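Note that the numbering runs from 1 along the sequence shown for the chain. Values in this document were obtained by computation on a predicted structure and should not be read as measured data.
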Amino acid sequence: QVQLVESGGGLVQAGGSLRLSCAASGRTFSDYGMGWFRRAPGKEREFIAGISWSGRNSYYEDSVKGRFTISRDNAKNTVYLQMNSLKPEDTAVYYCALHRVYRSTYAYTPSAYNYWGQGTQVTVSS
């Protein structure tokens with residue numbers, strides 16, 4: 001069984017920054033890619049960033065490119081999401097997730113992930 005625990009959410013003004021963390025336990029973290037998703041009120045869950053098991057490949061949804069950076073520290077079993085230049089439309093619950101497939105590189109859809117954190121709220125005020 002895998003447990004993922006997000007932290008770092010909160011309330012921030014537009015233009016500000018937050019760093020989300022996701023701590024993993026229960027599996028060899030370094031053998032699996034990770035992703036971040038978000039769900040805004042009244043909207044579907046959407047992919048925003050992913051990172052391969054090695055950390056060599058990262059990829060983003062277009063609306064966050066250049067503003068968000070995903071990274072991982074395999075020694076700490078933790079993946080991060082640095083969010084800069086935040087906008088009110090970034091307000092959502094943010095979830096981290098672990099790839100379903102061993103040593104996969106890219107995964108954009110929720111079905112490609114089989115473990116999820118409980119979510120952390122990010123609210124950006126205008």
Side-chain angles (χ1 to χ4, degrees):
Q1 190 70 11
V2 174
Q3 288 189 327
L4 302 175
V5 180
E6 300 101 334
S7 60
L11 174 64
V12 63
Q13 289 189 329
S17 298
L18 283 173
R19 188 175 83 153
L20 306 183
S21 299
C22 171
S25 62
R27 177 176 283 186
T28 307
F29 173 79
S30 59
D31 286 329
Y32 293 86
M34 297 290 295
W36 284 95
F37 290 72
R38 67 185 179 190
R39 175 175 283 160
K43 295 188 176 181
E44 297 290 319
R45 180 173 46 183
E46 66 170 344
F47 168 84
I48 53 171
I51 190 165
S52 63
W53 63 275
S54 64
R56 287 194 291 268
N57 304 93
S58 58
Y59 45 103
Y60 302 89
E61 191 270 334
D62 285 347
S63 69
V64 307
K65 280 181 183 176
R67 300 189 298 123
F68 291 10
T69 302
I70 188 171
S71 62
R72 65 189 298 158
D73 184 340
N74 285 344
K76 295 182 178 179
N77 282 8
T78 301
V79 64
Y80 304 97
L81 186 68
Q82 177 67 44
M83 305 186 295
N84 299 328
S85 303
L86 282 161
K87 305 175 182 180
E89 52 264 42
D90 294 318
T91 295
V93 178
Y94 284 69
Y95 301 88
C96 66
L98 184 134
H99 285 197
R100 184 180 300 275
V101 178
Y102 177 78
R103 293 196 175 183
S104 60
T105 300
Y106 298 104
Y108 293 90
T109 61
S111 62
Y113 296 80
N114 59 347
Y115 290 100
W116 295 82
Q118 82 289 350
T120 186
Q121 176 71 46
V122 171
T123 304
V124 185
S125 63
S126 57

For [Y], is there any backbone N or O sitting under 3.5 Å from a side-chain donor or acceptor partner on [X]?
| X | Y | value |
| --- | --- | --- |
| E6 | Q118 | yes |
| Y115 | C96 | no |
| T120 | Y94 | no |
| Y60 | I70 | yes |
| R38 | V122 | no |
| R56 | T105 | no |

How many angstroms lie between atom [atom1] of [X] and atom [atom2] of [Y], to the nearest 0.5 angstrom?
| X | Y | atom1 | atom2 | result |
| --- | --- | --- | --- | --- |
| L11 | T91 | CG | OG1 | 8.5 Å |
| L4 | T78 | CG | OG1 | 10.5 Å |
| D90 | S63 | CG | OG | 7.0 Å |
| H99 | S52 | NE2 | OG | 8.0 Å |

Margin query: Please enumerate all residues that pass side chain to side chain donor-acceptor pair (under 3.5 Å) together with N77, with sequence neighbours excluded.
Written below: none
Item checked: salt bridge (charged side-chain N to carboxylate O under 4.0 Å, His left out) contacts in which one or both residues fall within residues 102-119, not counting sequence neighbours -> D31-R103
Next item on the list: Just grab all the salt bridge (charged side-chain N to carboxylate O under 4.0 Å, His left out) pairs involving residues 12-22, residues at least two apart or on different chains.
Entry: none
Margin query: Other members of the hydrophobic cluster containing W53, with the 4.5 Å side-chain heavy-atom rule, please.
Written below: none
Notebook entry, point to check: Does M34 share a hydrophobic cluster with Y95, counting links as ILVMFWY side-chain heavy atoms below 4.5 Å and allowing steps through other members?
Noted result: no
Next item on the list: Indicate if Y106 and Y102 have the same hydrophobic cluster label, given that clusters are the connected sets of ILVMFWY residues with side-chain heavy-atom separations under 4.5 angstrom.
Entry: no
Result block: side-chain N/O donor-acceptor pairs under 3.5 angstrom for residues 79-89, not counting sequence neighbours:
residue : atom : partner : partner atom : Å
Q82     : NE2  : N84     : OD1          : 2.9
N84     : OD1  : S17     : OG           : 2.9

Note to self: Minimum heavy-atom separation for R45 and P110, please, with both atom names.
What the structure shows: NH2-CB, 3.6 Å
Next item on the list: Measure across V101 and S104 and return the closest heavy-atom pair with its distance rounded to 0.1 Å.
Entry: O-OG, 3.2 Å
Checklist line | Q3 atom CD, over 12 foreign heavy atoms within 6.0 Å | finding: no
Next item on the list: Please name all residues satisfying ring pair (Phe, Tyr, Trp, His ring centres under 6.0 Å) with F37, sequence neighbours left out, ordered by chain then number.
Entry: F47, Y113, W116
Notebook entry, point to check: Any side-chain heavy-atom pair from V2 and Y32 closer than 4.5 angstrom?
Noted result: no
